[in-house]
Amino acid sequence: MNILGKSLLELRQMVEKKEISTEELWKYFLGRVEKYEKDLHCFVTKPEADPSARLRVKGFPIAIKDNFSTKGIRTTASTKILENYVPPFNSTVVQKLLDNNFGVFGKTNMDAWAHGSSTETSDFGPTNNPWDITRAPGGSSGGSAAATAAYLVPAAIGSETAGSIRQPAAWCGLVGMKPTYGRVSRYGVIPMGSSWDCPGPITRTVEDAAYLLEIIQGEDMYDATTLPGPDTRYTIHDTRAMKIGVCKDYLENIDPDIIKRFEETLEILKKLGHEIVPVSLISPKYSVSVYMILQRSEVSSNLNDYSSVRYGNNRTHFGEEAKRRIMLGTHSLSHGYYDAFYKKAEKVRQLIIQDFDKVFKTVDLIIAPTTPSTAIKKGEFEKYPFFGEMMDILNEPAAAAGIPAISIPMGLDSNKLPIGLSFMGGRLEEEKVLSVAYQLEKETNFMDVREKLLEQYKD
Amino acid sequence: MKKALKTEEIEKLAKLSNLVLSDAEKKKIASQFGETLEYVDNLNDLDTSKVSSLTNVTGQENKFFEDGVENRRLLRQDEAIGNAKNKKDGLFVVPKIFK
């Protein structure tokens with residue numbers, strides 16, 4: 001039976017029709033992990049390394065980023081501080097997946113504490129990009145993206161503070177969906193920037209992303225920032241003509257190959273009946289500054305919890321990046337600097353939110369490249385003083401404003417590396433974002449990106 | 001213009017952050033601070049005099065638990081302390097605050 005490359009929904013239908021059992025699927029993906037994990041290093045805790053895996057094989061396999069608490073399964077956030085931490089409870093996202101007959105198929109590698117955009121700051125070693133193992137998969141959800149791209153698992157859950165779902169999805173040739181802030185519960189997710197953090201799916205198809213989002217979303221009494229939302233299924237079949245905005249500030253310093261594909265995509269969108277209109281937005285360079293200050297302030301506060309009293313190792317186990325972020329956050333929040341840094345950044349964040357609100361009164365969506373470049377070589381991040389911020393410069397505005405955004409793959413560049421493009425929508429307008437992404441998938445099959453990669457990762 | 005922090009300032013922040021840094025780390029962090037502070041200076045391009053401070057990105061109001069709502073995810077004591085290295089009689093042992 002041919003399973004290779006089938007989407008999560010296709011596989012679930014096969015299970016429903018009893019063409020295959022979840023046990024057989026589990027075995028199939030375990031075989032692929034056995035074959036390719038040594039080249040890719042997607043997992044911190046591999047599925048077979050889980051002593052209680054036998055209890056879970058009844059569930060449909062899905063990989064979970066290692067910052068989601070999983071009851072009885074080690075949860076490290078790729079940090080030495082939590083290297084032996086076994087949570088006594090499930091995060092809401094994981095609980096909802098288990099309630100829908102999913103099983104935790106391994107915990108995926110990430111930048112330690114999700115601090116990074118290449119998965120190279122993991123305390124357990126980097127993940128390799130399946131397109132070229134000398135390159136980074138992006139991050140921080142790099143393990144989730146690499147595992148899904150190489151089909152070691154049909155889909156995965158990631159999380160983002162500003163780009164950690166969309167950027168690795170772009171670099172690995174996948175769909176990555178960041179929902180509206182508050183649409184998905186953060187309960188049980190090892191925190192980074194609490195006013196930014198959003199769990200979301202990394203999948204092969206837009207339909208899979210919509211399907212997983214429907215399962216994991218919803219108001220949660222354990223996360224007071226969750227929003228009461230519609231409990232209905234998402235419509236991704238909305239084919240109404242939409243007004244799609246393009247902002248020239250989002251096209252500065254972008255690889256020419258990406259710009260070319262971006263322009264070709266605008267033509268496809270016009271052909272599908274959509275209207276492309278210029279819009280003006282606050283330059284993303286200001287979102288970078290807002291993010292650097294607010295995220296680090298929240299990091300310094302959140303990581304204060306890790307003192308080894310209740311769980312984990314002591315603070316001497318923090319890696320370099322975490323220490324750097326804690327220090328900067330402490331500085332922004334300290335007496336004498338609070339007004340100039342933290343408060344100023346909060347006010348600019350407010351301006352960014354108002355700016356998007358205004359623009360979404362005139363357009364339905366905004367389209368932009370996801371990243372300034374395709375996947376870079378491992379080790380290169382050291383050359384950039386703010387590597388993560390610069391790689392996520394186009395993702396940070398939507399994160400600052402808490403609005404939904406999706407990255408979809410649109411073919412390859414001249415180095416045969418996947419290109420990602422993004423749609424951003426107004427608050428709680430996931431349906432519009434998903435619908436246009438779905439139309440492009442149907443129209444182009446993402447220029448066969450997914451199939452091309454699997455030629456290198458045969459059964 | 002580089003806004004590098006003085007060693008004393010770095011040491012003060014490390015103390016506030018409850019971190020122990022090596023001399024090499026202090027030096028590296030001091031110079032990276034300079035680069036970062038220089039970049040975020042661009043926020044002063046934008047006039048925020050008429051903007052109120054942000055409290056929540058989605059405009060969410062306060063939420064409250066109903067009295068008596070069952071906390072289904074309550075942990076048993078042994079579960080709650082299961083990951084602690086230092087415990088006594090079912091309780092966490094915490095560092096001394098008073099001498």
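Proteins come first, then strands; the chains are lettered A, B, ... in the order of their sequence lines, and each starts at number 1.
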Could you check, using the six-membered ring where one of them is a Trp, whether Tyr222(A) and Phe89(A) have ring centers closer than 6.0 angstrom? no
Answer with side chain, backbone, both or neither: which region of [X] has an atom nearer than 4.5 Å to a non-hydrogen atom of chain B?
X         : answer
Asn84(A)  : backbone
Ser195(A) : backbone
Arg427(A) : side chain
Ala345(A) : both
Thr92(A)  : both
Ser307(A) : neither
Ile353(A) : side chain
Leu328(A) : both

For Tyr337(A) and Phe341(A), take the angle between the two ring planes, folded into 0 to 90°, and tell me which bin it lands in: parallel under 30, tilted 30 to 60, perpendicular over 60. tilted
Can you tell me how the ring of Trp113(A) sits relative to the ring of Phe318(A), calling it parallel under 30°, perpendicular over 60° and tilted otherwise? tilted
Looking only at side-chain N and O atoms, does Ser69(A) offer a donor or acceptor that is under 3.5 Å from a partner on Thr75(A)? no
Lys344(A) and Thr48(B) side chains, donor-acceptor separation under 3.5 Å: yes
With a 4.5 angstrom heavy-atom cut-off, could you sort out which part of Glu79(B) is near chain A: side chain, backbone, both or neither? both
Side-chain donor/acceptor of Gln77(B) to backbone N/O of Gly90(B), under 3.5 Å: yes
